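Since the structure comes first, as structure tokens, the remarks are kept for the end.
Every value quoted in this text rests on a predicted model; they were computed, and no experiment measured them. What's counted below: heavy atoms across the whole structure, side chains too, no hydrogens, waters or symmetry copies. Below, chains carry the letters A, B, ... as their sequence lines are ordered, and counting in each starts from 1.
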Amino acid sequence: MNFAFTDDQLALAAAVRQVLAAHCPAEAVRNGRTPAWSQLAEIGLFGLLVPQEHDGLGLGLVDAVLPFEETGRAALPGPVAETAVAAPLLLAGDPALGKLAAGSLRVSVRIGDQGYAPDADLADLLIVEREGVPYAVRPEAARLTPQPGVDRRRPLFGVEFRDAARLRTGIAPAVRAVTVAVAAQLVGAARHLLDTTVGYARTRRQFGAPIGSFQAVKHQLAEVAIAVEFAAPLVYAAALAVDRHLPTVDRDVSAAKAAAGEAAELAARTALQVHGAIGYTGELDLGLWLARVWSLSAAYGDPGLHRSRLRTAILDTPEVRRWP
Amino acid sequence: MNFAFTDDQLALAAAVRQVLAAHCPAEAVRNGRTPAWSQLAEIGLFGLLVPQEHDGLGLGLVDAVLPFEETGRAALPGPVAETAVAAPLLLAGDPALGKLAAGSLRVSVRIGDQGYAPDADLADLLIVEREGVPYAVRPEAARLTPQPGVDRRRPLFGVEFRDAARLRTGIAPAVRAVTVAVAAQLVGAARHLLDTTVGYARTRRQFGAPIGSFQAVKHQLAEVAIAVEFAAPLVYAAALAVDRHLPTVDRDVSAAKAAAGEAAELAARTALQVHGAIGYTGELDLGLWLARVWSLSAAYGDPGLHRSRLRTAILDTPEVRRWP
Amino acid sequence: MDLDFTRAEQDFRAEVRDWLAGHVPGVPLPSMDTREGFEAHREWEHLLAGERLSVVSWPVEYGGRGASLVEWLIFEEEYWAAGAPGRVSQNGIFLLAPTLFSHGTAEQRERFLPGMARADDVWAQAWSEPEAGSDLAALTSRAERVEGGWRLHGQKTWSSRASYADWGFGLFRTDPASARHRGLTYFMFPLDGVTVRPVAQLDGEHGFAELFFDGLFVPDDLVLGAAGEGWRIAMATTSSERGLTLRSPGRFLATADRLVRLARSTGADPVLADQVARAWLDAESYRLHTFGTARRLAAGEEIGSASSMGKVFWSELDVRMHALALRLLGERGLLDGGAPDAEEGGRWLDGYLFSLAGPIYAGTNEIQRNIIAERVLGLPR
Amino acid sequence: MDLDFTRAEQDFRAEVRDWLAGHVPGVPLPSMDTREGFEAHREWEHLLAGERLSVVSWPVEYGGRGASLVEWLIFEEEYWAAGAPGRVSQNGIFLLAPTLFSHGTAEQRERFLPGMARADDVWAQAWSEPEAGSDLAALTSRAERVEGGWRLHGQKTWSSRASYADWGFGLFRTDPASARHRGLTYFMFPLDGVTVRPVAQLDGEHGFAELFFDGLFVPDDLVLGAAGEGWRIAMATTSSERGLTLRSPGRFLATADRLVRLARSTGADPVLADQVARAWLDAESYRLHTFGTARRLAAGEEIGSASSMGKVFWSELDVRMHALALRLLGERGLLDGGAPDAEEGGRWLDGYLFSLAGPIYAGTNEIQRNIIAERVLGLPR
């Protein structure tokens, strides 16, 4: 039993982090739609879950979880979870997987508890659920209705379509995987907010001292650190549960999304409170991450929905199972 | 509209407070069963709600609410809410009211959501609910089963009886009134815990400074002050609702009991945390108040029960009403 | 103690309710942080003022009705319950006016209050500075003594309404050798001599602005109170009515009622329903508590630092209610007014973003908790 | 990363589970804070030790099995899930032993560890003093140098198990001129030369005692590490295994499972059910997190101040779970073991009172949050 990431897993995450540091600074988040995508394609992010026979790496979700933390930490724009995690599962067996692995097929989805397709205007292919069945929709066959919201760097769209190809795969595995990927992004975004806020609290002075020396600020940030620290293991375990098709997988995915969403929301709230009024403005980049946290926390089922599922899973099943 | 206590109401509360300060110090709480009862009888506490024709003061619950805060503040032992608040309503029209008003009839009850009769071994009369109907039971006709618990100064008893007189009154008005009285006691106990803890934090030194100068301690105590400050008006409004027989009375009583219980529990938890290990021992008197808060918060329906009723009252009724 | 409104109070409530039912715009006004919306809100204030409903608690001579505090609370309950527009005059009527009443000269009152009541003059506050966010005593903007008045220098920030307002008010350091709370003076000034730079907020609007002062001349008759007394004057009103009027219960009662309706219409999960019920009762408790405070103020008592408890309570409640609404709406809750699927034109989202400022402005809640601990409870500094 | 136990780990779990199923007392032992209960617990430890299950992670020569940290975690899961008795040896095996392993002499290890493993010697901790509660560096008890050893003077408090234990350990000031963390020395001492005054707790039992030292002679071979190094030695282990072993996840997993069963049997209201589900998952998260930590420790990493996060997390979780159980039981939850209607002999109430000490002892949670902020996050002191 080794509940720690392997050197390979850590190396891949480090590579993603390095690429994002170089190609997805806050300025790119603010102004770009798909910064760093081509560089991420080069290091194989979009082929992670694509089988080797389709030129992918054939890895598991557990290998993707740290790279996805990094995309969350950088607030990477674009439908990255949809393209790199949902699409490989929905398109299983499809020849398009090769293009996907190469990073030349950008995909948005509207599946599961998600009512809108994120970044659908950028997609080369839309995959849309109707009555539990996934359909592949070409952009020219889709009518997109912009549904703008709090996160302008992750625009949502309603999707209607005329003409579509029914896919042979199931919806549930893709929903689970993309939900875990988004949970990982939330953990990453929370880590960024914590780091940024700590940095601000170390330098901003009020009443003659850095505000980070006040116990009220310290304790709020300590609580954020604890929340993130104990949300992350649930995300990692959910990734393993997805890879292993465990009977508890739906519970584990809900636990990951609920805990990550709540931790990230706490990080956002605390970041704003510690920054004070300046955090409330477009002067800082903080708002980009706040909006991302709110939007991802609501995506693929918000913490309230997942908590209500957890209540049922834990209280109403005859025997609660741990795994292993 | 005057949502402030009158001079008469304040004077009565001050009188009760004075009596308790003189006759119910912590030592008496620790060792006595009914300290200060005779002095309280003299100033009319037990006749407050008894009609004037039975030698009572014929006042309303709103006049009793501050005196009951004082009994909670002093952690007064004995079945005071049962005798002074529940009994006058349950015995309405009964000639025993005269003795009640005079303080020479001590009553314990087991009605409503209360499964046990507090201090039943001290009672001259027991009033016990069976299938929604109150029965008066003489002590010699009752079999008491001690059910000792966390609050040894408010012992609970199971009651069985052979021989009893059916009372003509309803259960509900007495349950509402005694629940509000206990809510007021919880507010008083919370105020005491806050005062005591503030006093301790001002003098106890750690790391070279009074612990009350640390922001973490300050903010915890400020939160207690806020919780108590905003629980109290709900208790006062509930007393008015009982006196006026408002249609919202059950909701208002539940709001009072839930808010007061939660505020007092927060005060207790914070008191213990700020005192540290010493609060955990019998060396200080603190434990007397902690136990009282836990026991009263669970009495006549704990906050969980009342919260679930509030959910129904507010979400499931066609129109939520404020009063006035 | 009672909760019985007098006949007069009931009649007043009925009058306000009827008038609002007939006059509140059916379609929400555009945001007051746009030029168009600002003017629309000013028009609405004119309408209110025409009925003497813009400042009911002020004396008749300045445009009010001489209403009691309880009547003002009634007005506020009805106003927000009717879904009436936000008050573009807020800074003037709630922050500046109480100080004018207590420390202004008769000339100043006559000159400024009627125009404020009619929103002919809309006022912006200018308290904060970039390096003196929560630490208001660290102000460095200064006023230099010149013949017949003063010249203002420096920078103010987080000035709400300043983008389109007519006048501003704030503290400037008049004694260069002074430190902290001493040597500050309370000034009123026309905004047309000030460089105003709007600041974009999270929601993309420009409710705040930065103000740059480059020697603006302000005559002596625009000084409020005595020179060097600015801090004392500014603080004096916070412990009296301002603690009450900063955020009246009516606003939160209306939000709580809307939240209950939303929870019913969305068939809230019991866990969320429980939180909705709690919020509704918290709003009710704030209302009851304020009735008590109003009585104490009417009886001549000072509420002092206890107003800090109210500030923490309502600001946290406001965030909680809006966050809860977003939870009830799930993904849709985060859509803005431009989205076809947005609920109530994105009003809950707007309200959430606005509510997040509550625990920050007018003294952060961390500072309020310090005040409660030190001044109400008596813990050592 | 995986969660797959090896064959050996699975076999070990099965062995432990089987043995416990056959040996855990059917009726709970009396409280270890009574003389009778103390001895009953000591007997139970003898039984455990006979199976080499009392200290599985210790080397075989001292009575253990040389088990890995993961195996120790497995042992703990099974131990608490089986409802086995509390560990009267806890202070010795979890607090003192790690220090003996890292800083003791070979003679000290041989002399004390086997007896500790068998509970022939039960150890009491003596860290705290009346005026040095959370501020451990403010200790004033002192040791005076004499021929061949030291004489101990002063007072210790909150000494758990001391009423009936055989030995004690703690820090004493050996350099009278020293201040704060310097000049402290780590001593072991027999309790029969110490005046022990039991302290009544909230629940009326005497789990704590005060210790009065009036010149007790302690020979040099009872000093752990070098004189003056006491603080460093005592702290060194907190960042290694002690952070992990202070409260293993198994304890909270067992409580969470009992809580879920209680919620099912009482038909919990959805609001309480939600909190139960959260607690169950929090316990699970603590378990997973600890598996990760165990791996890092096994790989030779130090966990450092991060153990403070675990301390806050488990101690708050423990309070929350027990408070929740009392809510589920309503009035009955507060009955104690003497009440006919008590649930599980008042075990939830006992557990609640015990849990309330969690955020206080071993460094209050306020201090832990300071440590997290300063040493993990790097905020200024």
Side-chain angles (χ1 to χ4, degrees), chain B residues 1-6 9 62-63 65-66 194-195 197-199 201-202 209-215 217-227 229-234 236-237 239-241 243-244 251-252 254-255 258-259 307-316 318 320 322-324, chain C residues 1-6 9-10 70 73-74 77 253 256-257 260-261 263-264 268 270 273-296 298-299 306 308-310 312-313 316-317 365-366 368-374 376-381:
Chain B
M1 206 277 299
N2 183 5
F3 195 67
F5 289 99
T6 64
Q9 288 164 338
V62 71
D63 304 294
V65 72
L66 286 186
L194 180 59
D195 291 349
T197 308
V198 164
R202 288 168 64 142
I211 60 172
S213 67
F214 296 118
Q215 217 177 16
V217 171
K218 283 184 183 177
H219 286 201
Q220 285 181 43
L221 290 170
E223 287 299 320
V224 173
I226 292 169
E229 184 81 4
F230 288 94
L234 293 174
Y236 306 155
L240 285 168
D243 285 343
R244 296 301 184 85
R251 179 195 76 192
D252 298 342
S254 282
R307 285 285 173 201
S308 76
R309 288 181 184 160
L310 289 166
R311 192 170 80 225
T312 307
I314 292 168
L315 272 291
D316 297 350
V320 209
R322 298 189 198 284
W323 182 71
Chain C
M1 163 169 277
D2 66 71
L3 275 167
D4 307 321
F5 290 115
T6 63
E9 287 163 347
Q10 292 175 44
V70 167
L73 291 169
I74 291 170
E77 288 186 10
L253 295 169
D257 286 344
V260 167
R261 289 196 292 272
R264 283 187 186 144
D274 171 72
Q275 294 169 29
V276 169
R278 276 171 198 267
W280 192 88
L281 286 165
D282 283 347
E284 185 65 10
S285 170
Y286 185 55
R287 174 187 189 232
L288 294 167
H289 188 269
T290 305
F291 282 146
T293 307
R295 274 296 147 188
R296 286 163 54 205
S308 291
M309 295 209 255
V312 174
F313 191 78
E316 301 287 347
L317 170 61
N365 284 6
E366 286 73 29
Q368 303 295 350
R369 290 188 190 97
N370 282 352
I371 292 173
I372 295 163
E374 291 164 12
V376 181
L377 302 180
L379 287 167
R381 291 183 66 89

Ranking Ser285(C), Ala373(C), Gly292(C) by heavy-atom pairs under 4.5 Å to chain B gives rank one to Ser285(C)
Do Met1(B) and Thr6(C) have side-chain heavy atoms sitting under 4.5 Å apart?
no
Of all the heavy-atom pairs spanning Ala277(C) and Leu310(B), show the shortest one and how long it is.
CB-O, 4.1 Å
If we only count heavy atoms from C-beta on, is the Arg244(B) to Asp4(C) side-chain gap below 4.5 Å?
yes
Leu288(C) versus Phe3(B), closest heavy-atom pair with distance
O-CD2, 3.2 Å
Answer yes or no: is there a side-chain heavy-atom contact under 4.5 Å between Arg369(C) and Glu223(B)?
yes
Against chain C, label Glu229(B) side chain, backbone, both or neither, depending on which of its atoms sit under 4.5 Å from a heavy atom there.
both
For the residue pair Tyr286(C) and Phe230(B), does the interplanar ring angle fall in the parallel (under 30°), tilted (30 to 60°) or perpendicular (over 60°) class?
tilted
Please report the closest heavy-atom contact between Leu315(B) and Ala273(C), naming both atoms and the distance.
CD2-O, 3.7 Å
Toward chain C, the part of Val198(B) with a non-hydrogen atom under 4.5 Å:
both
For Leu377(C) and Ala222(B) the tightest heavy-atom approach is CD1-N, 4.2 Å
In terms of heavy-atom pairs under 4.5 Å, which option from Ile372(C), Asn365(C), Asp2(C) contacts chain B the most?
Asp2(C)
Proximity breakdown for Gln220(B) and chain C, heavy-atom pairs closer than 4.5 Å
neither
Could you walk me through whether Glu77(C) and Arg322(B) pass the side-chain contact (heavy atoms from CB on, under 4.5 Å) test, one step at a time?
CA-CA 11 Å; Glu77(C) 288 186 10; Arg322(B) 298 189 198 284; 5.7 Å; no
What part of Arg295(C) gets within 4.5 angstrom of chain B, counting heavy atoms only: side chain, backbone, both, or neither?
side chain
At a heavy-atom separation under 4.5 Å, does Leu240(B) approach chain C through its side chain, its backbone, both, or neither?
side chain
Rounded distance [0.5 Å steps], CG in Leu379(C) versus CD in Gln215(B):
12.0 Å
Where the side chain of Lys218(B) meets the backbone of Pro380(C), is there a donor-acceptor pair that is under 3.5 Å apart?
yes
Heavy-atom proximity to chain B below 4.5 Å, by part of Arg261(C)
neither
Can you tell me how far CE of Met1(C) sits from OG1 of Thr6(B), rounded to the nearest 0.5 angstrom?
9.0 Å
Look at atom CZ of Arg202(B) and say whether more than 12 heavy atoms of other residues, nucleotides or ligands are closer to it than 6.0 Å.
no
Select one option (side chain, backbone, both, neither) describing which atoms of Leu253(C) are under 4.5 Å from chain B's heavy atoms.
both
Report the distance from atom CD of Gln275(C) to atom CZ of Arg307(B), rounding to the nearest 0.5 Å.
11.0 Å
With a 4.5 angstrom heavy-atom cut-off, is it the side chain or the backbone of Gln368(C) that approaches chain B, or both, or neither?
neither
Value for CG (Asp274(C)) from CD1 (Ile314(B)), rounded to nearest 0.5 Å, stands at 9.5 Å
Largest heavy-atom contact set with chain B, pairs under 4.5 Å, which of Asn370(C), Val260(C), Val312(C), Val70(C)
Asn370(C)
